[in-house]
Amino acid sequence: MRSRRSGFSWRRCNRSGSQAGIFAAAWLFAGCAPADPGSGGGEGGGAGAGGGATIEAVHFQFTEVVPGVYHAQGASDLVVGSNAGVVVNEEDVLLVDSHISPAAANALIEDLRSITDRPVRYAANTHWHFDHAHGNQVYPPDVEIISHEATRAAIAEGRSNSGRSYELFVGAIPGRIERMEATLDTLTDAEARAELEATLEAQRTYYAQLQEVVPTAPNTTLSERLTLYRGGREIQFHFFGRAHTDGDVIVYLPDDRVIITGDMLVGGLPYMGDGYVDEWVEALDRVKALDFDWIIPGHGAPYQERERIDHLQAYLQDLWDQSVALHGQGVSAEDAAARIDLTAHAENFGGIPSPGANPVAVLRIFELLDGTAN
Ligand SMILES: [Zn+2]
């Protein structure tokens, strides 16, 4: 088995960014941790925190959470974006989320050979965000790509390739590269230069890979529920209501007692700029009604502590309630973001040292309240 661990860490992807860039990136990629303290983007447990063996391939680390079900996490300087869930059935494989680019999706398919020879017959997009769906184009036409119907519509309409989340992260990359280049010109320490040069090269490569994306809509949709029976395994796809986006799907493996959640749950606090914060709380109640032992989140390591769902619900509810109150007083979204106090949640989500909420999250809530959200 090939094994390689480069010195790259997600930390590098933020280190040379502006504060604004760090903020946006860290909120979108809660797995991009440790992030700046204001971001709330913490990791949940260390790599390899699943139930079974950890396999190092070229670009991915696979953790066997339960037999035949893996958590795949980027482990090289190839930027992959989200986690993937890998479900190895008797005769085929289901991949949950296709990563951030065709290069990343192809790398996962190559690396899969470290754990199975079975063909990928099924794929899924937990939601339409680019870091979960922009590898779809690499799948052959006979692969069923499953998503909620709203996710298919969003990708078909071009929302995954534009809009707030895309602009916040991808739109910030050229500026980040420029700032890294400027910083490099000022560095004299050889080790620091080498580290920044490696980061810079990874960002340039990543940006070039993004230019290859042709957003490709899923070819199989559900509105509430869809079930696959593959070999001896039942695979359920559930829509529990709007949450992180308008089309979040939870993949539930009842016999394996595993849920694969996309960004409805991540290692720390998820991005909320396309979310429905109040409905998210209700959708998580429906997730909690499922019978499972393991959570494979959209970013970060697998975990078992169900109380972490309660913690996110409490945070979301508090953020929603404070936003609604300030909105009702005629306070602007910007001022509300400065005034909202979420420090009560600091022990559950690292990095909330003082009052203040993510401005993008508060703006989104105000748009929902004003009826201007899209
Ligand atoms: Zn997302």
Side-chain angles (χ1 to χ4, degrees), residues 10 13 23-33 35 39-44 71-74 79-85 95-101 104-105 123-136 145 147-148 150-155 157-172 210 213 215 217-218 237 239-251 259-277 279-280 283-284 287 295-300 309 312 315-316 358 360-361 363-365 373-374:
W10 270 106
C13 71
F23 205 52
W27 273 74
L28 189 54
F29 297 104
C32 192
S39 74
E43 277 277 14
H71 166 258
Q73 190 166 32
V79 178
V80 304
S82 66
N83 294 335
L95 296 181
V96 181
D97 285 338
S98 68
H99 299 301
I100 207 161
S101 66
N125 296 143
T126 57
H127 61 294
W128 53 265
H129 278 157
F130 65 96
D131 55 321
H132 295 257
H134 275 184
N136 284 0
I145 309 176
S147 79
H148 187 262
T151 296
R152 175 181 159 81
I155 295 171
E157 291 163 7
R159 283 164 66 200
S160 66
N161 219 16
S162 64
R164 179 179 288 151
S165 58
Y166 194 79
E167 286 305 314
L168 269 175
F169 191 72
V170 179
L210 291 181
V213 172
F237 300 78
F239 174 67
F240 287 134
R242 301 189 299 185
H244 175 68
T245 66
D246 53 358
D248 303 283
V249 162
I250 295 277
V251 181
I259 57 171
I260 305 171
T261 68
D263 292 353
M264 278 178 75
L265 294 168
V266 300
L269 287 169
Y271 173 74
M272 298 169 198
D274 298 309
Y276 297 81
V277 171
E279 297 173 51
W280 197 335
L284 287 173
V287 172
I295 297 166
I296 298 181
H299 300 265
I309 306 176
L312 179 61
Y315 180 100
L316 293 171
N358 182 288
V360 174
L363 179 61
R364 170 68 180 180
I365 291 171
N374 57 27

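Along the sequence shown, the residues carry numbers beginning at 1. Order of listing sets the numbers, starting from 1, for every ligand and every atom in it.
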Discussion item. Restricting to N, O or S, what is the name of the atom of His244 that lies nearest the Zn ion (ligand 1)?
Written reply: NE2
Discussion item. Checking Asp131 against His99: is there a side-chain donor and acceptor pair closer than 3.5 Å?
Written reply: no
Worksheet item: Would one find an N, O or S atom of His132, in either backbone or side chain, under 2.8 Å from the Zn ion (ligand 1)?
Response: no
Worksheet item: Using 30° and 60° as the class limits, which term best fits the ring planes of His244 and His127: parallel, tilted or perpendicular?
Response: perpendicular
Discussion item. Test your reading of the model: is there a side-chain donor-acceptor pair from Ser101 to the backbone of Leu210, 3.5 Å cut-off?
Written reply: no
Item to complete: Could you pull out the atom name of the N/O/S atom in His129 that is nearest the Zn ion (ligand 1)?
Response: ND1
Worksheet item: Do you know which two heavy atoms are closest between Ser98 and Asn136, and how far apart they sit?
Response: OG-OD1, 2.8 Å
Fill in: Under 3.5 Å: donor-acceptor pair, side chain of Arg242, backbone of Tyr276
no
Discussion item. Strictly under 2.8 Å, is the Zn ion (ligand 1) approached by any N, O or S atom of Asp131?
Written reply: no
Worksheet item: Nearest to the Zn ion (ligand 1), which N, O or S atom of Asp263 do we find?
Response: OD2
